[in-house]
Amino acid sequence: MHEKQRLAVFASGTGSNFVAIADAIDQGRLDAEIVLLVCDNSEAKVIGKARDRQIPVFVFQAKNYPSKVDYERDILQELNHCQAEWLILAGYMRLVGDTLLDPFEGRIVNIHPSLLPAFPGKDAIGQALSAGVKVTGVTVHFVDEGMDTGTIIDQEVIRIQPEDDQDTLQANIQEIEHRLFPKTIQALIQTEKREEIKS
Ligand code: GAR
């Protein structure tokens, strides 16, 4: 195991969780380094945020590949090249296939803006508002082949206020995410280190 755990962050969009993880590392709250950003959208804002921090970026376009197996083989090559140890899905809007699940079993973690198993998939915040639930939250979970279905690692609850709309609820949820995700990743890394010392 490397001294600092080597994270590959996967993201498709804005990258506020990517920044939260990078900041936690810089501030010494997360004992890790980001060795690669994997992004499936060449227009995504997260790319600039990685480049600003001199973090290597692998951008791919799924439509340029015949299948998921083909693009995930290219991703795997990049992951091996930078010796990534954990795959951190931070707003990566694709299902992960066996090409990555098999070699990284138990080491792929996702964040989702609802209390899973409620409201999996896209626009979990809009789904919660439409359903009229009074509480929702954030889930961090291990990734399996399903849509937001893997074993839950941690969750945090938030009350939906009558005046909440998509924007206010999203802001409140993201505030939780930016705190919970780095904290949960750190706890996973520490647990693994303790287990390694014991064995
Ligand atoms: C986050 O809220 C994350 O929970 C969500 O995408 C957002 C990405 O924001 N992920 C999912 O919905 C996964 N099913 P960010 O790009 O600002 O980190």
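The basis for the numbers below is simple: all heavy atoms, side chains too, and nothing from hydrogens, waters or symmetry mates. Each ligand, and each atom within it, is numbered from 1 in the order the structure gives.
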I need the Asn17 CG to Ile88 CD1 distance, nearest 0.5 Å.
11.0 Å
Pairs flagged by ring pair (Phe, Tyr, Trp, His ring centres under 6.0 Å) wherever residues 78-117 is involved - sequence neighbours left out:
Phe10-Tyr92
Rounded to the nearest 0.5 Å, how far apart are CG of Asp148 and CG of Leu116?
5.5 Å
Once rounded to the nearest 0.5 Å, what's the spacing between atom CD1 of Ile111 and atom CD of Gln174?
9.0 Å
Filter the ligand 1-protein atom pairs down to N or O on both sides and distance under 3.5 Å, then list them.
from: ligand 1; atom 1: 2 (O); to: Gln174; atom 2: NE2; distance (Å): 3.2
from: ligand 1; atom 1: 2 (O); to: Glu177; atom 2: OE1; distance (Å): 2.8
from: ligand 1; atom 1: 2 (O); to: Glu177; atom 2: OE2; distance (Å): 3.1
from: ligand 1; atom 1: 4 (O); to: Glu177; atom 2: OE2; distance (Å): 2.5
from: ligand 1; atom 1: 9 (O); to: Gln174; atom 2: NE2; distance (Å): 3.3
from: ligand 1; atom 1: 14 (N); to: His112; atom 2: ND1; distance (Å): 3.0
from: ligand 1; atom 1: 16 (O); to: Thr14; atom 2: N; distance (Å): 3.4
from: ligand 1; atom 1: 16 (O); to: Gly15; atom 2: N; distance (Å): 2.7
from: ligand 1; atom 1: 17 (O); to: Ser16; atom 2: N; distance (Å): 2.9
from: ligand 1; atom 1: 17 (O); to: Ser16; atom 2: OG; distance (Å): 2.6
from: ligand 1; atom 1: 18 (O); to: Ser16; atom 2: N; distance (Å): 3.3
from: ligand 1; atom 1: 18 (O); to: Asn17; atom 2: N; distance (Å): 2.9
from: ligand 1; atom 1: 18 (O); to: Asn17; atom 2: ND2; distance (Å): 2.9

Looking only at side chains, do Asp74 and Tyr65 share a donor and an acceptor under 3.5 Å apart?
yes
Would you confirm whether Glu145, through its side chain, and Asp98, through its main-chain N or O, come within 3.5 Å as a donor-acceptor pair?
no
